[in-house]
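Scroll down for the structure; my scribbles are underneath it.
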Amino acid sequence: MKFTTPAGTNPIDQLKVVGKPHDRIDGKFKTTGTAPYAYERHDAVANPAYGFVVGSAIAKGRINAIDLSAARAAPGVLAIVTADNAGSLVPKLGKGKMNTAKLLGGPEIEHYHQAIAVVVAETFEQARAAASLVQVDYARTQGRFDLAAELKRAPLKGNSSGEGSSAPPVDRVGDFDKAFAAAPVTLDAHYTTPDQSHAMMEPHASIARWDGDKLTLWTSNQMIAWGKGDVALTLGLPKDNVRLISPYIGGGFGGKLFVRTDAIMAALGAKAAGRPVKVALQRPLMFNNTTHRPATEQRIRLGATRDGKLTAIAHESGSGDLPGGGPETAVSQTKLLYAGANRLTAMRLAVLDLPEGNAMRAPGEAPGLMALEIAMDEMAEKLGMDPVAFRIANDTQVDPEKPTRKFSQRQLVECLQQGADRFGWSKRNAKPGQVRDGQWLIGMGVASGFRNNLLMKSAARVGLDAKGVITVATDMTDIGTGTYTIIAQTAAEMMGVDMDKVVVLLGDSSFPASAGSGGQWGANNSTAGVYAACVKLREAVAQKLGFNSAEVEFADGKVKSGNRSVSLAEAAGSAGLSAEDQIEYGDLDKQFQQSTFAGHFVEVAVNAYTGETRIRRMLAVCAAGRILNPKSARSQVIGAMTMGAGGALMEELAVDKRFGFFVNHDLASYEVPVHADIPHQEVIFLDETDPLSSPMKAKGVGELGLCGVAAAIANAIYNATGVRVRDYPITLDKHLAKLPQLV
């Protein structure tokens, strides 16, 4: 199905099932421990061996020699794979398109904890013990680990919108320099965000089994089609010889978008040992071996008239990555969020020898809004304007860089207005440091949320059997987002059956290729693919019964036309019916800017004696197209808000600038919020559909819920204390000495 014109009325608009807060159909499996995660596929693989990955002890240099004699002689060891012998196990050992560094290092070392060996043994404990006996002689060389130092000589990098690779190094609209110089009110400020880790619960884990020259990987991976292609490319295999299976994923946040070391080392280990092998990366390797959100240094300049209209906007950001990597596109939202005739965005990319930087929930917008939305508050204060009113005054209904291009839907003003009313914003004291509750300083903060809506083709296969059961198969994944449920809701709505008559099969590369889970594109695109397949199945049912497909009604497990009514079970017959299709998009997303918006509101209390910050309450008002399941969507947003609290107050990978690694590489020392840290959270979804997005008229919310949260917390802290902190995370040491004294 080609989606080239705005969606009209269709069966989804009945909203008998779609749009309802159904419980997650996978919930019972997860709460009873019966959901089959990658490392636990005892049902599929009997008696697997265990692989333990050895990570490099240096960040930059070369391996002179590896002594494996003691490790090979250890009890239970079956095989050891290094770069020296890996090439003999597979047709060709290479690198995937989506990996910046090799997943098996040696003799050259590209970053700390780069995998240099996998030890395979009968038990996990034996593999771990033997791995500790691997002796490596390194030749360490000087690396580049200091972002601030490297940015001083880093070149400008194009692609500041995150689209394409041919964008100019500096994007200009109008004459920023002239407009900024002429503006009566200006702001010029610098902000920093740190390296951050995904820190998901489930480790990167895989089980590999070879059947001749065919490889099956049970793995934790968000993008099955991408993963299959990169496994094939890395191991020199035909794509048809690779199968990835990933029906359940215990969190990813972008860290599992691409194939990682666990999958490749499990495959190589299984080939060497001649039996299935399971590998789970130990937690330190999850931090240093895989990917992370890169740190940024940002400069924002704003110029405005005295009545609060922005006339000049510049956002420049610098980040770092391994050679061949890309920038953190922290300026992308600034190109679209606020009006202003004269604009400049630019990025610098430093070459660093730290572990790979890559996608983490809302890459670009999350760290970009952490800076931009503080700057907007600072400018509002200079103007003597309310921060909500200032944002509303600079709303735009068109792409500010391409004024002839309208937004498909844009309700940012409504998000801010409704949020302000619901949160009691009118009670906020505009003068910082004035509201107190005993020893606590109280403040409120606001920030706009923004995340683009991305369209990707997505396919599904839908079957109808003799019992009237609908089975949906697609390689789409569920990373804890509720994909199983919204796909079931889509099929139930389209085919006129109850949810208990739908079976959903996900996460298998033998199924039709979907959009996958990432970038906030999963829900809208994957359900649109199921919609397309259901349209074709409806046509097949109608044709078999001799009905006019344009006039049939699917409801109550039956198909009706005129005075005829036939059950779906009868229509299917003993052989059943099946249909497969995919959603493909025309250029509606080029004609119209498709984005999602939010208003984030936070109240904090800061202890005047200790500087401790406590979040008291949080509110997100979101405009994100049709909400397919309000219950699971709310869960997505409150999870994102929690992640925003971590980003604002505690999350930071500490870089050892001498030896080039993240020091706090475990869950004990890399702090993330826990239940006790998070207070009441409220989420409101505006009543909105976007016919330009897809037949579902939906968008995404999983990343929107994060975008802007950290800045709202930062702004609330300023309102409480009068101390402006521009360097995340906002730990108590950064404002303790400046706090107002209690009388």
Take R726 and E378 through the test side-chain contact (heavy atoms from CB on, under 4.5 Å) and record every step on the way to the result.
CA-CA 11 Å; R726 300 187 180 96; E378 293 194 65; 2.6 Å; yes
Distance in Å, N342 CG paired with R172 CZ, rounded so as to fall on 0.5 Å steps:
11.0 Å
With F145 via ring pair (Phe, Tyr, Trp, His ring centres under 6.0 Å) - residues at least two apart
none
Should R626 and D690 count as an ion pair when the cut-off is N to O under 4.0 Å?
no
Decide if atom CZ of R306 counts as having more than 12 heavy atoms of other residues, nucleotides or ligands within a radius under 6.0 Å.
no
Please report whether the ring centroid of H292 lies less than 6.0 Å from that of F662.
yes
So the ring-ring contact (aromatic ring centres under 6.0 Å, His included) pairs with at least one residue in residues 362-419 (sequence neighbours excluded) are F407-F597
Residues in salt bridge (Lys or Arg N to Asp or Glu O under 4.0 Å) with R634, at least two apart?
none
Just list the side-chain donor-acceptor pairs under 3.5 Å for residues 355-368, sequence neighbours left out, or say none.
from	atom 1	to	atom 2	distance (Å)
E356	OE1	R260	NH1	3.4
E356	OE2	T100	OG1	3.3
E356	OE2	N358	ND2	2.8
R361	NE	G702	O	2.8
R361	NH2	Q636	O	3.2
R361	NH2	G702	O	2.8
E365	OE1	R451	NH1	2.4
E365	OE2	R451	NH1	3.4

Test salt bridge (Lys or Arg N to Asp or Glu O under 4.0 Å) applied to D727 - qualifying residues, sequence neighbours left out
none
Which atoms form the tightest heavy-atom contact between A350 and L151, and what is the distance?
CB-CD2, 3.9 Å
N719 side-chain N/O to N429 backbone N/O, donor-acceptor pair under 3.5 Å:
yes
Would you check if there is a donor-acceptor pair between the side chains of N524 and S694 at a distance under 3.5 Å?
yes
Which atom of A183 lies closest to which atom of G303, heavy atoms considered
CB-CA, 3.7 Å
Salt-bridge contact R391-D377 (side-chain N to carboxylate O under 4.0 Å)
yes
Pick one: which of R301, R348, K157 meets salt bridge (charged side-chain N to carboxylate O under 4.0 Å, His left out) with E316?
R301
Side chains of T731 and L649: does their closest heavy-atom pair fall under 4.5 Å?
no
Between A623 and L704, the two heavy atoms sitting closest are O-CD2, 4.3 Å
Validation row: E688, Q409 side chains within 4.5 angstrom (heavy atoms)
yes
Backbone N or O of L692 within a donor-acceptor pair of the Q594 side chain at under 3.5 Å?
yes
Hey, is the main chain of R299 close enough, under 3.5 Å, to the side chain of H315 for a donor-acceptor pair?
no
Indicate yes or no for a side-chain donor-acceptor contact from N715 to the backbone of A711 under 3.5 Å, with no hydrogens or angles considered.
yes
Any donor and acceptor pair, going by atom type alone, linking the side chain of E651 with main-chain N or O of A648 inside 3.5 Å?
no
Heavy-atom check, side chain of L354 versus side chain of V655, under 4.5 Å:
yes
Flag the pair R293 and D195 as a salt bridge only when some basic side-chain nitrogen lies within less than 4.0 angstrom of an acidic carboxylate oxygen.
no
Side chains of E652 and Y670 only: does a donor on one sit below 3.5 Å from an acceptor on the other?
no
Presence of salt bridge, R428 and E603, under 4.0 angstrom:
no
Test: ring-ring contact (aromatic ring centres under 6.0 Å, His included). Region: residues 347-376. Which pairs qualify, not counting sequence neighbours?
none
Taking the side chain from Q681 and the backbone from M618, do they hold a donor-acceptor pair closer than 3.5 Å?
no
Residue pair R616, I442: steps toward the side-chain contact (heavy atoms from CB on, under 4.5 Å) verdict:
CA-CA 9 Å; R616 287 192 163 190; I442 312 301; 3.5 Å; yes
Under 3.5 Å: donor-acceptor pair, side chain of R410, backbone of T396:
yes
Quick one, V388 and W425 - any side-chain contact, counting heavy atoms below 4.5 Å?
yes
Mind checking what makes salt bridge (Lys or Arg N to Asp or Glu O under 4.0 Å) contact with D687, not counting sequence neighbours?
none
Lys/Arg N to Asp/Glu carboxylate O, K406 vs D399, below 4.0 Å:
no
Do any N or O atoms from the side chain of K734 and from the backbone of P729 form a donor-acceptor pair under 3.5 angstrom?
yes
Between H735 and T721, is there a donor-acceptor pair closer than 3.5 Å when you use the side chain of the first and the backbone of the second?
no
Answer whether the closest heavy-atom distance between the side chains of P294 and D321 falls below 4.5 Å.
no
For Y338, the ring pair (Phe, Tyr, Trp, His ring centres under 6.0 Å) test, sequence neighbours excluded, returns none
Is a donor from one side chain sitting under 3.5 angstrom from an acceptor on the other, for E297 and S317?
no
Hey, what do you get for CG (L336) to OG (S595), rounding to the nearest 0.5 Å?
5.5 Å
Heavy-atom distance under 4.5 Å between the side chains of L344 and V170, does that happen here?
yes
I want to check something: taking the side chain as every heavy atom from C-beta on, are I730 and I713 in contact at a cut-off of under 4.5 Å?
no
Who passes salt bridge (Lys or Arg N to Asp or Glu O under 4.0 Å) against D656, sequence neighbours left out?
R658
Criterion side-chain contact (heavy atoms from CB on, under 4.5 Å) against T334, the qualifying member of L369, L372, D171:
L372
Answer whether the closest heavy-atom distance between the side chains of V602 and I615 falls below 4.5 Å.
yes
Residues that F685 engages under ring pair (Phe, Tyr, Trp, His ring centres under 6.0 Å), provided they are two or more places apart:
none
Enumerate, atom names and distances included, each donor-acceptor pair closer than 3.5 Å involving a side-chain atom of residues 173-181, sequence neighbours excluded.
from	atom 1	to	atom 2	distance (Å)
D175	OD1	D177	N	3.4
D175	OD1	K178	N	3.1

Determine whether a donor-acceptor pair (N or O, by modelled atom type, separation under 3.5 Å) exists between the side chain of Y728 and the backbone of T192.
no
Pair R617 + E682: basic N to acidic O under 4.0 Å
no
Salt bridge present between K152 and E150 (N-O < 4.0 angstrom):
no
Run the side-chain contact (heavy atoms from CB on, under 4.5 Å) test on T610 and L732 for me, step by step, so that the C-alpha distance in whole Å, both residues' side-chain angles and the decisive distance to 0.1 Å come before the verdict.
CA-CA 7 Å; T610 68; L732 58 89; 5.6 Å; no
Between the side chains of N453 and W521, is a donor N or O closer than 3.5 angstrom to an acceptor N or O?
no
If only side-chain N and O atoms count, and only distance matters, is there a donor-acceptor pair under 3.5 Å linking N664 with E671?
no
Holding to ring pair (Phe, Tyr, Trp, His ring centres under 6.0 Å), I want the full list of residues that pass it with F661, two or more places apart in sequence or in another chain.
Y112
